[in-house]
Novice: 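Supplied in structure tokens, the structure appears directly below.
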Amino acid sequence: MDFLGIDIGGSGIKGAPVDVKEGKLTAERHRIETPVPSVPEAVAEVVAQIGQHFKWQGPIGCTFPAVIKNGVAYSAANVDPSWIGTNGEQLIAQKTGQQVVLLNDADAAGIAEIEFGAGKGRAGVVILLTFGTGIGSAIFVDGKLVPNTEFGHMEVRGKDGEHRAAARIREEEVLTWKKWGKRVNEFLNRMEVLFSPDLFIIGGGVSKKHADFFKFLKTRAEIVPAKMLNEAGIIGAAMAAAQRFK
Ligand code: BGC
């Protein structure tokens, strides 16, 4: 059975039906720009438009770039602050008329990578980090997720970690791969001191270019690029819907 997965990001909202047994999209993904400002009503409206595009009737899984507990956003680092305290799950369910599960974007990407991608079959402590507008995180112990970790906000050199090492910062500050790679390495080393993971999975759009910066990364743990790239969020969201509404 297919479930609709939708990935809400800072710049785009993307969705597609997913075969959750295979971990594959079953139709071409549909993308609409994230509204500005990214207030809850407007974002939920775009999610509904994506549902309509697929004439979707059935459960929907949705990612969001914030801490999400029981459908409610508890943070809003890169989205409109009015999200804090909003029950996004309820709002999107009203707008779409479907059952909805809302979860953190990096957690969703991690769920997909652990089941079908770079973390498949890996026991122990696995940390997935997504480098994009911010830094998202997901930590797994023998395949089981600890939800809503926010490692991207770990302080590094007196700054929010994602303000030094997110992929967006490389572009904004026009950093060389080497300079940015060293910042990412410092971030990974701090993570390693705290958690001693067995594997780091590096995700986000920039993971496509891993050859440009992996040479600057050195940890005791193995470091691998994510396999599912920009589909991980959609697939993980659909998997979360399948779990909740099976
Ligand atoms: C947010 C996280 C999110 C990450 C990636 C951070 O700024 O606090 O919740 O997972 O960005 O989007």
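Because the structure is predicted, anything quoted here is derived from the model rather than measured. Atoms within each ligand, like the ligands themselves, are counted from 1 in listed order.
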Novice: Where's the contact between Ala66 and ligand 1, heavy-atom distance under 4.0 Å: side chain, backbone, both or neither?
Specialist: backbone
Novice: Should one rank Thr133, Asp105, Asp107, Thr130 by closest heavy-atom distance to atom 10 (O) of ligand 1, which comes out on top?
Specialist: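 The residue whose heavy atom sits nearest atom 10 (O) of ligand 1 is Asp105.
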Novice: Out of all atoms in ligand 1, which are within 4.0 Å of some heavy atom of Gly136? Include the element for each.
Specialist: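 Selected atoms, number and element: 4 (C), 5 (C), 10 (O).
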Novice: Kindly state whether the ring of Phe151 and the ring of Phe195 have centres lying under 6.0 angstrom apart.
Specialist: yes
Novice: Asn104 to ligand 1: N or O pair under 3.5 Å?
Specialist: yes
Novice: Near Ala77, which atoms of ligand 1 are under 4.0 Å from a heavy atom of that residue?
Specialist: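 Going through ligand 1 atom by atom, the ones under 4.0 Å from Ala77 are 7 (O), 8 (O).
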Novice: For ligand 1, which atoms have a heavy atom of Glu162 less than 4.0 angstrom away?
Specialist: 6 (C), 7 (O), 11 (O)
Novice: Would you please classify the geometry between the Phe64 ring and the Trp83 ring as parallel, tilted or perpendicular, with 30° and 60° separating the classes?
Specialist: tilted
Novice: Between Arg183 and Arg164 (side chain of the first, backbone of the second, donor and acceptor by atom type, cut-off under 3.5 Å), is there such a pair?
Specialist: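 Yes, the answer is positive, given that a donor and an acceptor are paired below the 3.5 Å cut-off.
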Novice: If the contact criterion is a heavy-atom separation under 4.0 Å, does Ile135 count as touching ligand 1?
Specialist: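 Yes; Ile135 lies near enough to ligand 1 that a heavy-atom distance drops under 4.0 Å.
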Novice: Which of the atoms of ligand 1 are close to Glu150, meaning less than 4.0 Å from one of its heavy atoms?
Specialist: 1 (C), 2 (C), 8 (O), 9 (O)
Novice: His153 heavy atoms, cut-off 4.0 Å: which ligand 1 atoms fall inside?
Specialist: 1 (C), 6 (C), 7 (O), 8 (O)
Novice: Could you tell me which atoms of ligand 1, counted from 1 in the order shown, lie closer than 4.0 angstrom to a heavy atom of Asn78?
Specialist: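 Ligand 1 atoms under the 4.0 Å threshold to Asn78: 7 (O), 11 (O).
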Novice: Distance alone, cut at 3.5 Å: any donor-acceptor contact between the side chains of Thr26 and Asp2?
Specialist: yes
Novice: Is the ring centre of Trp177 less than 6.0 Å from the ring centre of Phe216?
Specialist: no
Novice: When you measure from the side chain of Glu192 to the backbone N and O of Arg220, does any donor-acceptor pair fall under 3.5 Å?
Specialist: yes
Novice: Does Asn185 offer a backbone N or O that forms a donor-acceptor pair with the side chain of Asn189 under 3.5 Å?
Specialist: yes
